[in-house]
Structures are given as structure tokens and as C-alpha cells.
Amino acid sequence: MITVLFFAGIREEVGMDQLQVEKQDITVSQLKEYLQTEYQLSSLQQVMVAVNESFVTEDETLKDRDTVAFIPPVSGG
Amino acid sequence: MITVLFFAGIREEVGMDQLQVEKQDITVSQLKEYLQTEYQLSSLQQVMVAVNESFVTEDETLKDRDTVAFIPPVSGG
Amino acid sequence: MELFEITHSPISVEALINKVSRREAGAITTFIGTVREFTKGKKTLSLEYQAYEPMAVKMLSQIGDEIQQKWPDALTAITHRVGKLDITEVAVVIAVSSPHRKTAYEANEYAIERIKQIVPIWKKEFWEDGTKWIGDQLETVEYPEGKPSKGESM
Amino acid sequence: MELFEITHSPISVEALINKVSRREAGAITTFIGTVREFTKGKKTLSLEYQAYEPMAVKMLSQIGDEIQQKWPDALTAITHRVGKLDITEVAVVIAVSSPHRKTAYEANEYAIERIKQIVPIWKKEFWEDGTKWIGDQLETVEYPEGKPSKGESM
């Protein structure tokens, strides 16, 4: 199982802070495709992805119990 | 009469904060020469000069009641 | 004492200065990011900051490590506030101490640039006619490498 | 409220920040010059600052005018302390606010450079083996023009 976290505009679009996905051994890119199909998300193209609080690339493979966060362009400061 | 102000190392060398000089219509350069002769001052070469709180050059002419300050290299900040 | 923090309360600039003050420092710079009323002519009523808090703390701490690599003499503390903020309220404070002033300025400016690149914090603007989550403010819409760079020193 | 001051008392950084804080500012930078224990390996016990006070205030104010010319968006406040100071005590605080951060950094650094050129304040160092009035710290012994330049914008 993978935990997926949403923030900012994506959180508002999805309508929830997080969800659990019953998958593993898929890539970040495959997870994105799955979520886009499942939730009709418009804004997953420009987001970065963090796994367990570290930035990763799209080809990172996800393990059971990983926490994936979608990070839209940041605007702190 | 001209009021002359001393600061920092020059103040310690002269042994006073200020003095009155009974002169006028002399240049800054002439005043320096006069003070160096009168007080055996070693350190008037590298100082800047302010008249009535504005920096001036050596050829500035001093009027009666001007306040002249010798400004050694500054070290604030 | 934590040098890198996310807080839900008002930030004390003095507290951050105290975190980096030390006998070998001759210079301390602070950057205080405040909520500005007008951005490109548009009037902001208030802001809301949201953070992925544990990762934001981790990234702030990474910025501290990057600064340590680039300017070994510098000591950095950063606190970013989240939640709703009014005009003139303080959103972020960066304090850097160093024996010499040049380093204190450079490292401080580096920190704010990096915050705007890699720290997962988002700003929502509230205007009279609506709201919007603001994207990347570095005028780059996409990350050419697919993720933010880790900085020269990493 | 005076933006440019010489004081004989401890300086409040918060007070200076408040002087420049305003609704149109998104960035405030501060520079805090503190008494450092070691300079080039030599241990300082304490410092004494002396100023030609009325002229120092006038020159600080001139620096403010120069900044206004170069960065019209910036608002600057500077307070320099005089008298005896111990290690880690604050000698000078410069606060600059601006809508954008770049200006706040640049104008702040300009201010400290100009203070070290034209403001009649002197520092006496107290060491274990003696004292000395410190000269110009910009590594230039003489002023080629016979007096400090008035800055590009003047």
C-alpha cells in the first residue's frame, strides 16, 4: 500500500489531503497515470514528486508503505 | 575665531576634544600647518576635514565662527 | 534549539538573531519576508501558507547544509510560518551570522532563493474577487530536470 | 520617528524593523554589526565607539538619500551605537524595506559600505596587551581624492 499526499491547488482539486493506493512496485510515472485516470486530475504534469520526503524522478519505483507527495511549484518565502 | 574638533587617535594625541584658534580667511591646509607646528601633531596628513559638518578639500577657506573637524579614517559599522 | 522550523505562530526576529549570535560573528543579516499589499497592481487582502511540514523542515535544513558547504563560517537559522497571514505580517525569517559581512549577505540571499526552489510551502492569495494558489515565483514554470536541482555544492 | 540615529544605549532590532515596515514592503533586510571576539587572530576584550555625532547623523541621512536615488522603492533606517561595547553586543543596525527582495539586499549592503567610508565614527579596540584606535577598514589607507567620494548618485 502506498500513501499519497496532496497539497495546495491539487489538494483542492482532489478534495482530500491524502489517500491510500493498494499498489506497489510501480513507478512514479505509472502512479501519476493511474491517479489522473481515476480522479480526472488536470494538474499532475507540472508537479514534482517526493517519496518519503525526498525529491525523486518519474522513474523511481515505489515500494510498499512508501509515502508519495505531489509537490506543485512551491511559493514559500 | 575658528573652533577645531579632534576625534579618536588625534584627540588622544592632542589631549583635548577641541580648541579655539584666533584666525580666519586661511585655508584648511594652512590651518593644518599651523596646528602641526603648534602642537607637534604627527597624524594630520591622513585625516579628512569637515567644515560645519560637511567634508571639504584642503583649499577650502575658513571663515570666522566656522567649526573645523579633523576626521581620521573612519571605522564605524 | 532548532535552527530550521515551520511554525503556526508569529515569528520573533530577535529569537532567530539569538540563535545565530556567537562570539566569533561580526555580522548578522536577516531577511524578513512580509505579506505585501499589492502584487503587480492587484490588491491582496490576506495570504494563507500551507506546508508539507516534515519535508519542509528537512529541506530548510538541507539549505543550511548547502550554506555550510559554500560558506563554512556561516551559521544559518530559518523559520517559515504557515496558516493565515495579514498584510505586513512576517511569513519567513532567515538569519545568518558570520565573522565577515560579505558572507552574511551572500549566504542569506542564497537561502531565500533556495527556499523558493525546493521547500514544499505554498501560498494562497485572497483578493476581493477570489483566491488562487500561487505557483513558482522564480519565473520558471517548469523544472527542466524534472525536479529541483540540489545546488552546486551537493 | 528618526530614521537615522546615533545612540548611547543598546539598539533594538525590532524597533528598526518597525520603522521601515509598511504595507507595500514584501522584504525587509537587516544588517546587525556585532562586536567580534577575534580579528586576525587577536583577541578583543571590548570596543569603544566614538562619533562626531551631529555630522554622523547627517552622513547616515545622506546615505539614506543616496539609497533613495538609486533604489526609489527602498526605505532605510540606520542606528549606530557609541560608547563601550562588549563581545556580541550590537554596534550598528541597518534595516531596509522594499517591495522586492533584491533591492532590500543591495541597498542594505550599500549602506554598510558607505558607513565605512563617510560616517565619522571611530572604533577603539581593547586587547589584553593594550588599546588602539582602528583606522579605515576598507583596506584603502588613503582617499585618492582627498575626501570620500559622494557616491555615484550624488
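Side-chain atoms are counted along with the backbone in the values below, which use heavy atoms only and exclude waters and symmetry mates. The sequence lines fix the lettering, A, B, ..., with proteins before strands; numbering per chain opens at 1.
- With contacts defined as side-chain heavy-atom distances shorter than 4.5 Å, the pair A/Thr27/A/Glu58 does not qualify.
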Apply the test side-chain contact (heavy atoms from CB on, under 4.5 Å) to residues C/Trp71 and C/Tyr110: give CA-CA distance (whole Å), side-chain angles for both, the deciding distance (0.1 Å), then the verdict.
-> CA-CA 11 Å; C/Trp71 296 278; C/Tyr110 178 84; 3.7 Å; yes
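- In this structure, chain A has heavy atoms under 4.5 Å from both the backbone and the side chain of C/Trp122.
- For the atom pair CD (A/Gln45) and CD (A/Gln36), the distance works out to 5.0 Å, reported to the nearest 0.5 Å.
- Between C/Phe38 and C/Arg36, the closest side-chain pair of non-hydrogen atoms is not below 4.5 Å.
- Listed by sequence position, the residues of residues 11-24 of chain C in contact with chain A number zero, using a 4.5 angstrom heavy-atom cutoff.
- Side-chain contact check for C/Lys70 versus C/Ile67: every heavy-atom pair is 4.5 Å or farther apart.
- Contacts with chain C (heavy atom to heavy atom, under 4.5 Å) involve these residues of residues 11-19 of chain A, listed by number: A/Arg11, A/Glu12.
- The CD1 atom of C/Ile6 sits 4.0 Å away from atom CD1 of C/Ile121, with the distance rounded to the nearest 0.5 Å.
- Among C/Met59, C/Lys132, C/Lys58, the residue making the largest number of heavy-atom pairs under 4.5 Å with chain A is C/Lys58.
- Both the backbone and the side chain of C/Ile115 come within less than 4.5 Å of a heavy atom in chain A.
- At a threshold of 4.0 Å, the pair C/Glu125-C/Lys42 does not count as salt-bridged, since none of the basic side-chain nitrogens sits closer than that to a carboxylate oxygen.
- At a heavy-atom cut-off of under 4.5 Å, chain C is reached by A/Thr67, A/Ala69, A/Ile71 from residues 61-71 of chain A, listed in order of number.
- Considering only heavy atoms from C-beta on, C/Ile32 comes within 4.5 Å of C/Val90 through its side chain.
- Atom CD of A/Gln30 sits about 9.0 Å away from atom NZ of A/Lys23, to the nearest 0.5 Å.
- Using a 4.5 Å heavy-atom cut-off against chain A, the contacting residues of residues 43-54 of chain C are C/Tyr49, C/Gln50, C/Ala51, C/Tyr52, C/Pro54.
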